[in-house]
Amino acid sequence: MDVIDIANERAQRELDGLLAARRQMARLEAENATAAAECVECGETIPEARRRALPGVRLCIHCAEAAERRARMGV
Ligand SMILES: [Zn+2]
């Protein structure tokens with residue numbers, strides 16, 4: 001095994017660690033977001049069925065539709 005192999009292996013291991021950490025963070029964020037039971041925009045309760053269907057959803061259906069319309073118009 002030469003120096004390049006050692007460097008590659010080390011880089012690969014660092015990358016693996018980074019990806020694992022990122023996956024764990026994403027999972028924690030999703031759990032936190034799922035716990036948000038109210039729309040962040042209007043405060044209306046988000047039905048559990050909607051939260052279950054869209055893990056991490058932060059908007060009620062009305063605000064989500066409005067946001068989608070805004071996004072489509074490029075605002
Ligand atoms: Zn809302």
Side-chain angles (χ1 to χ4, degrees):
M1 183 183 273
D2 61 28
V3 176
I4 306 248
D5 284 336
I6 293 169
N8 278 340
E9 206 188 293
R10 193 172 299 167
Q12 185 61 51
R13 218 171 319 167
E14 273 174 30
L15 199 68
D16 286 346
L18 207 70
L19 289 175
R22 197 171 294 175
R23 264 198 302 274
Q24 195 177 358
M25 225 152 74
R27 197 161 44 226
L28 286 174
E29 269 173 26
E31 277 171 17
N32 284 341
T34 307
E38 285 163 7
C39 175
V40 295
E41 219 159 284
C42 69
E44 196 179 302
T45 303
I46 301 171
E48 199 182 334
R50 176 167 167 77
R51 276 183 280 141
R52 235 189 274 243
L54 300 164
V57 69
R58 312 292 295 269
L59 298 170
C60 71
I61 191 152
H62 307 290
C63 292
E65 276 172 7
E68 205 174 298
R69 262 198 303 275
R70 279 200 305 268
R72 239 198 308 251
M73 291 192 307
V75 179

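Computed from heavy atoms alone, side chains included, the values below leave out hydrogens, waters and symmetry copies. Whatever order the structure lists ligands and atoms in, that order sets their numbers, starting from 1.
Looking at Q12 and D16, their side chains come closer than 4.5 Å, going by heavy atoms from C-beta outward.
Distances under 2.8 Å from the Zn ion (ligand 1) pick out the protein N/O/S atoms C39 SG, C42 SG, C60 SG, C63 SG.
Rounded to the nearest 0.5 Å, atoms CG (L59) and SG (C42) are 8.5 Å apart. For the atom pair N8 CG and R13 CZ, the distance stands at 11.5 Å (nearest 0.5 Å).
Between T45 and E38, the shortest heavy-atom distance links the atoms CA-CG, 4.2 Å. For R50 against V57, the heavy-atom pair with the smallest separation is NH2-CG2, 3.6 Å.
Annotation: salt bridge (charged side-chain N to carboxylate O under 4.0 Å, His left out) contacts of E41 (sequence neighbours excluded): R70.
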